[in-house]
Structure formats: structure tokens, C-alpha cells
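Notes follow the structure.
Keep in mind the model is a prediction, meaning the values are calculated, not measured.
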Amino acid sequence: MKKEEEIFFYECPNPKCGYIIKVSKNVLEEDKNTLEELENNIECPKCGKKGFKKLSKEKIKEIKEKENKKVEENNLKKRQDLHDKKVDVAKDVVKYIVKERKNLFEDLKTKLLSDQISPQRFISLFYNISCDIMTSRKKEYLPDFAGERKTILAMGHDVLDLYNIKEDQEEIIDSYDIQKDEIYEVYHQKYIEGDNTTYNEYIGETRLNNYMKKLEEKNMAKQESRCSNSSKKYQKNLELNFKKSLNDGIKKIK
């Protein structure tokens, strides 16, 4: 006897229930009578009524079409949900990149305006760290590197124009050994690895050094002022002594 796979659809006789069950198994032809007997023993798991009726081929076809349609709708919804989730992630990543790039620009601008770094060093640091920020988020979302790079270079170009520097920006970036720059390491820790410890230590040390430098400059200015005042006082005394000697000489002549 050759086995064949048969799928049986049974519908609950309760018109208010409409529950349908599907039984699929390999059966022998002589087992069909047994399955027919089960029609009187199957209990509806929804309403408890017995006496499931075997559905016709037309009804089965209709059910399959509905099932296929439902499956397709569910798949479509899953694809849409996944797409929406990716869009939300992309938006969050883009916001993050823009925010961090702006913070980086402001950090470096402070150093640039206080003459702690040169415009060329600013360009190299800003470009490399900005690219690192994008690369660090590529697992979540692959940014538009071409477009973002264009934005980064445009911001760097504004700095070169401000300082009237005619050097090619990309040549500045390519020729600069960024790995040897201590600021790059510090800012890489902050913006890429999210560790502010090294950054805060660096800022604290920088502020201390700047304070000591200003204090030294202030003391030197005071010293120069004292020296200048002493020199002026000494010169004035010389003039007074000369005038006194001159007057004494004139009196003796008289």
C-alpha cells in the first residue's frame, strides 16, 4: 500500500464560532474510515462543541487563499516594521553624528582661537576624528560617507578661508601624521570610545599649564615694570645730582 499525504480541514458546526482546525498526516487508504469516525469525537478548543464537519475542496481553496493572503500581509507588515525601525535607527545615527561633529568643531575651535593649535592641525584633527565618528556607527547604519565627507571638508574650507591659507586641504590632511598627535588620541577616547577620563585629565592639565603660563607672564611683566621704574628713578637721581653739582660749581666760581 502506498502512503499519501492528506490534509483535512474541519470546521466547527457552531455558526457563532467558526473555528477551523487542520490535520495533516501520512495515512494509508484504509485509515480514511478511521479519520471519518474522528469527525464525531473532535472537540472544538474554542467553544467545546463536537461534530466538526469536513470542508469541501472549494471551501478549502478559499481558506488557503485567505491564509496565503494573511501570511503575505503579515510578511509585508514585518518588512514595513523592519524598514521603519531601520529608518528610525538611521535618523538617530545621523543626529548623533551631526551632534558629535558640532561638539568636536567647537572643542577644536576653542584651541584654534587660543593659538593652542594651528589651522592646519585643526583641519587634520577635525577631518580624521569626524570620519572616525561615522565609522564607529556603521554597524547600526551605513552613513552617506561621500555626502558627510563633503560636509566635513566644507567646514574645514571655511577655517582655511578665515585664516587666508591657500594650501590644499586634502594635501594638508594626507601629509599630517595624525597618529602621533596627542590631541587625536585624547579626542578619539572621548568621541569614539565614550571615555571622558583621559579627556578631562588632558583639559585639566591644559588649563593648569595655561594658568601657570599666564602667571609667569604676569610676574615677568611686574618684574619688567619694576626694572623700568627703578631705571627711571635712577636716571632721575642722576639728573638731580648733575644739576646740584653744576649749581655748586657755579657758586664757587662766583
Within a strict 4.5 Å, meaning less than it, do heavy atoms of the Met134 and Phe145 side chains meet? yes

Can you check whether Lys50 reaches Cys44 side chain to side chain, under 4.5 Å on heavy atoms? no

Output, in order, the C-alpha distance, side-chain angles, deciding distance and verdict of side chain to side chain contact (heavy atoms under 4.5 Å, CB included) for Thr151 and Arg101. CA-CA 10 Å; Thr151 300; Arg101 185 167 61 209; 3.8 Å; yes

How far does CD of Gln169 sit from CG of Leu153, to the nearest 0.5 angstrom? 5.0 Å

Over 60° means perpendicular and under 30° means parallel, so classify the ring planes of Tyr191 and Tyr187, tilted if in between. parallel

Taking the six-membered ring of Tyr176 as reference, does the NZ or CZ atom of Arg121 fall below 6.0 Å from its centre and within a 45° cone about the axis? no

If you look at every heavy atom in Ser136 and Ile192, which pair is closest and at what distance? CB-CG2, 4.0 Å

Step by step, work out the salt bridge (Lys or Arg N to Asp or Glu O under 4.0 Å) result for Asp177 and Lys180. CA-CA 6 Å; Asp177 192 353; Lys180 292 183 179 180; 3.7 Å; yes

Could you state the interatomic distance from NZ (Lys111) to CG (Leu108), rounded to the nearest 0.5 Å? 8.0 Å

With a 3.5 Å cut-off and sequence neighbours excluded, list the donor-acceptor pairs that the side chains of residues 69-77 form with protein atoms.
from  : atom 1 : to    : atom 2 : distance (Å)
Glu72 : OE2    : Arg79 : NH2    : 3.3
Asn74 : ND2    : Lys70 : O      : 3.3
Asn75 : ND2    : Val71 : O      : 3.3
Lys77 : NZ     : Asp81 : OD2    : 3.0

Carboxylate-amine/guanidinium contact Lys95 Asp92, below 4.0 Å: no

Rounded at 0.5 Å granularity, tell me how far CD in Glu170 sits from OG in Ser175. 11.5 Å

Do Asp107 and Lys190 make a side-chain contact, defined as non-hydrogen atoms from C-beta onward lying under 4.5 Å apart? yes

So, taking the atom named OG in Ser124 and the one named CD1 in Ile173, what distance separates them when rounded to the nearest 0.5 Å? 6.0 Å

Report yes if the side chains of Ile172 and Leu160 come closer than 4.5 Å at any heavy-atom pair, otherwise no. yes

Pairwise side-chain contact, Ile20 with Cys12, heavy-atom cut-off 4.5 Å (strictly under): no

Is it the case that one hydrophobic cluster holds both Val93 and Leu82, taking links as side-chain heavy atoms less than 4.5 Å apart, direct or via other members? no

To the nearest 0.5 angstrom, please state how far the CD1 atom of Ile152 sits from the CZ atom of Phe105. 12.0 Å

Single-linkage hydrophobic cluster, 4.5 Å side-chain cutoff, Val87 and Val89 together: no

Straight-line distance of Arg149 CZ to Tyr127 OH, nearest 0.5 Å: 3.5 Å

Leu112 and Ile117: which non-hydrogen atoms are nearest, and at how many Å? CD1-O, 3.5 Å

Evaluate the side-chain proximity of Asp132 to His188: yes if any heavy-atom separation is below 4.5 Å, no if none is. yes

Would you mind reporting whether Tyr19 and Pro45 have side-chain heavy atoms less than 4.5 Å apart? yes

Using 4.0 Å as the upper bound for N to carboxylate O, is an ion pair formed by Glu62 and Lys66? yes

